[in-house]
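Following: one structure in structure tokens, then a few remarks.
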Amino acid sequence: MSKHELARIFNELGLLLEIKGENPFKAGAYYKAARTVENLDEDLDDLIQEDRLAAIPGFGKAIVQKILEWKATGTIQYYEELKEALPSGLLDLLRVPGLGPRKIATLYSALKITGLEMLERACQENLLLNLPGFGAKTQAKICAGIEFLKEHRHSFLWAEGIERALRIREHLAAHPQVEEVGIAGDLRRFLPVGNRIDLVVAAQDPHSVRAFCSSPAFRQSLGLNAEGRDPEINMLSFELTGGLKVGLTIVDPDTFPTALLFLTGSAEHTAALQQIAKEKGFTLHSGALQKGQEAILCRDEAEIYQKLGLSYIPPELRENRGEIEAAAAGHLPQLVTADDLQGIFHVHTTASDGVSSLRELVEASIAAGFKYLGIADHSRSAFYAHGLGSEALVRQWAEIDQLNKEYPNFTIFKGIEADILPSGELDYDPETLAKFDFVIGSIHSQFRMTESEMTSRILKAMDNPFLTMLGHPTGRILLERPAYAVDLEAVLDKAARTGVIIEFNANPYRLDLDWQWCRRAKEKGVLIAINPDAHSTGELDLVRSGILFARKGWLTAQDVFNTKTEKEVQDHFRRRRKL
DNA sequence: GCCGTTTTCGGCCCGACTGTTTTCAGTCG
């Protein structure tokens, strides 16, 4: 019964209403309610208790009533009825790029298409060509979109996967025989997009735990189906509704460390470990580390590494990209931690499209122990996000000055997320840009330039002395939109030369710059800022989860801009402008 | 469905882009 669940329902309600052809603004009211619920700073229960729901902007009579109904019954009748009236597959169609509610309504009414498979067949038979509003290009785009979706059918974002995995772990841990449950695989290695949820369960009596996991009650409570099993390795395989694959491996507590190591992977990493084991006269497999016939019991993974002559390698580095050699030489990087962070950049307020006020964000940052906060609302070209015009800027700067006085031990930097226009210009004139402490430049339009055009556009922006940081450098939206074409080598080289900081955008849908490029940036001596791109106080915390993915890119505190002190940050801003 | 008023209806962030049209609908950010 989390607020995320309620937000999901409201969002789906909006979509269903649009597909049904209802007033789009009515749908919009539900989208807004979904966003509001998701970003609530206060506890929903408190708001209900104190009868304050109706005071929240966007919550009218109908929405309040539905929230109360959901709290009381776990569902919303209106939502259930709508779902009943429309085939569930229609919502899947929304994932196809270029398909929105109206086109889906046409596909449903004209061709009775209710799901991806039917849509694919209709495309193959050229049935879309003659529908109103459709044509050859639309059909081709839909085909390509379906292909992309099929390819990523079992893929999931880390944030989604970990939520599911934690729920399964909680269920397993409640079993009396279970001693330990480890989340392994792609999730433990912090891959931004995973393909399977792996859990390792240590139990004194694996047989009884396996029976428990096979029971309909266990599966139903977690939405698991399509069970398979491999008795050799005690592995059960499931598929979650929506296509996510889950593997549960149930082992004796003695073999838990080796099983966890192997199921964490990567396959390349464990294969390399096996090779080292062999060279040292051991054999290593998921059941044990052995010397001849004798099993060598290890308390934990660290002891396995130690027996192999290696320092402990954190899971996020286990990709066989040099980490084993580094561990053998004792040169593993001292990875950045959440404790190293001093402050946060790239935060939106209610002045543009955020939902928390400047004051709320400042107070939340102070409460979280940060020393500074870099505000960066959208620039004037971003109409859809209420980009700030000159008057709004003056107002915000005055408010920042006031808050800086009020909180003398905390610094609020005046910043902006300025659109990098197609020409490579930033979205304000130099006089305005000069008044900011820092400027993040981001691409929000014209994604489809050629690589050379896009690269020139970005390099030109980086030549602007007022540009401090490059925001979400590839524009990718994971599992939705690929990165735009850009020569990142050239961008990173330029960053190294000019001192432009490259953003690591910690939004779970972006995680952009990708970890592999983070490492490249580090090698070139480029500074990375781990930014939450927060639109609410709740999202400030994304900076901490972002750390986990930045670590995968081998980043240390020295590589991360927002581990610097307020004074060092000030100095960097000034130096950059004098270039 | 929400909201605010010169309150109980009429507007709701809005422009770019695409592909379909031949003046615009739908999607996207």
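Chain letters run A, B, ... following the sequence lines, proteins first and then strands; every chain starts at 1. These numbers come from the heavy atoms of this one structure, side chains and all, not from hydrogens, waters or symmetry mates.
Across all strands shown, A:Ala27 has no heavy atoms under 4.0 Å from either base or sugar-phosphate atoms. At the heavy-atom level, A:Pro24 lies nowhere under 4.0 Å from the strands shown. Across all strands shown, A:Tyr78 has heavy atoms under 4.0 Å from sugar-phosphate atoms exclusively, and none from any base. Contacts of A:Gly28 with the nucleic acid, taken as non-hydrogen atoms under 4.0 Å apart, are absent. Across all strands shown, A:Lys141 has no heavy atoms under 4.0 Å from either base or sugar-phosphate atoms. Using a 4.0 Å heavy-atom criterion, one finds that A:Leu99 contacts the sugar-phosphate atoms exclusively.
The partner of B:dG19, taking Watson-Crick or G-U wobble pairs whose two distances both stay under 3.5 Å, is B:dC24.
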Listed pairs, N/O of protein and of nucleotides 8-11 of chain B, under 3.5 Å:
none

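Dashed line: the shortest gap from a side-chain N or O of A:Lys103 to OP1 or OP2 of B:dG26 is not under 4.0 Å. Of the side-chain N and O atoms in A:Ser445, none sit less than 4.0 angstrom from OP1 or OP2 of B:dC17.
Going from the P atom of B:dG26 to that of B:dT21 covers 12 Å, rounded to whole Å. Rounded to whole Å, the separation between the C1' atoms of B:dG29 and B:dC13 comes to 12 Å. Comparing the same atom, C1', in B:dC3 and in B:dC17 gives a spacing of 31 Å after rounding to whole Å. Separating the C1' atom of B:dT18 from that of B:dT23 is a span of 15 Å, rounded to the nearest Å. The gap from the C1' atom of B:dC28 to that of B:dT22 amounts to 24 Å, rounded to the nearest Å. Between the P atoms of B:dG15 and B:dT20, the separation comes to 25 Å (whole Å). Of the C1' atoms belonging to B:dT27 and B:dG10, the separation is 25 Å, rounded to the nearest Å.
In this structure, OH of A:Tyr484 is placed 13 Å from P of B:dG29, rounded to the nearest angstrom. In this structure, A:Arg380 places its CZ atom 23 Å from P of B:dG29, rounding to the nearest Å. Summarising the geometry, the separation between CD1 on A:Ile19 and C1' on B:dT27 is reported as 14 Å, rounded to the nearest angstrom. Across the protein-nucleic acid pair, A:Phe134 atom CZ and B:dG26 atom P stand 10 Å apart, rounded to whole Å. Taking atom NZ of A:Lys61 as the reference point, atom P of B:dC2 lies 10 Å away to the nearest angstrom. Spacing between atom CD1 of A:Ile63 and atom C1' of B:dC12 amounts to 14 Å, rounded to whole angstrom units. To the nearest angstrom, P of B:dG1 lies 16 Å from OH of A:Tyr79. In this entry the distance linking CG of A:Leu128 with P of B:dG19 reads 15 Å, nearest Å.
For A:Tyr79 and A:Glu84, the side-chain atoms include no donor-acceptor pair closer than 3.5 Å. Defined by atom type and a distance below 3.5 Å, a donor-acceptor pair is missing between the side-chain atoms of A:Tyr108 and A:Lys103. In this model, a donor atom of one side chain and an acceptor atom of the other lie less than 3.5 Å apart for A:Asp533 and A:Asn505. Using a 3.5 Å distance cut-off with no hydrogens or angles, the side chains of A:Ser352 and A:Asp377 do pair a donor with an acceptor. For the 3.5 Å distance criterion, the side chains of A:Glu417 and A:His348 qualify, holding a donor opposite an acceptor. Side-chain contact check for A:His152 and A:Glu147: no donor-acceptor pair (N or O, by modelled atom type) lies under 3.5 Å. For A:Glu503 and A:His472, the side-chain atoms include no donor-acceptor pair closer than 3.5 Å.
Picking from B:dG1, B:dT27, B:dG19 the nucleotide with the shortest atom distance to the side chain of A:Pro101 gives B:dT27. Picking from B:dT27, B:dC12, B:dC2 the nucleotide with the shortest atom distance to the side chain of A:Ala29 gives B:dC2. For A:Thr138, whose side chain is taken as the heavy atoms from C-beta onward, the closest listed nucleotide among B:dG19, B:dG1, B:dG29 is B:dG19. The A:Tyr30 side chain lies nearest to B:dG1 when the options are B:dT20, B:dT27, B:dG1. When distances are taken from the side chain of A:Ala62 to each of B:dT27, B:dG1, B:dG19, the shortest belongs to B:dG1. Listed nucleotides: B:dT27, B:dG1, B:dG19. Nearest to the side chain of A:Phe25: B:dG1.
Between A:Tyr372 and A:Phe413, the ring center distance clears the sub-6.0 Å criterion. For A:Trp397 and A:Phe436, the distance between ring centers is under 6.0 angstrom.
Across the interface with DNA chain B, nearest-nucleotide mapping of A:Leu94 and A:Gln139 shows A:Gln139 to be the residue nearer the 5′ end. When the nearest nucleotides of DNA chain B are assigned to A:Leu131 and A:Pro97 by heavy-atom distance, the more 5′-ward of the two goes with A:Leu131.
Between A:Leu93 and the choices A:Ile19, A:Ile113, A:Leu149, the side-chain contact (heavy atoms from CB on, under 4.5 Å) rule is met once, by A:Ile113.
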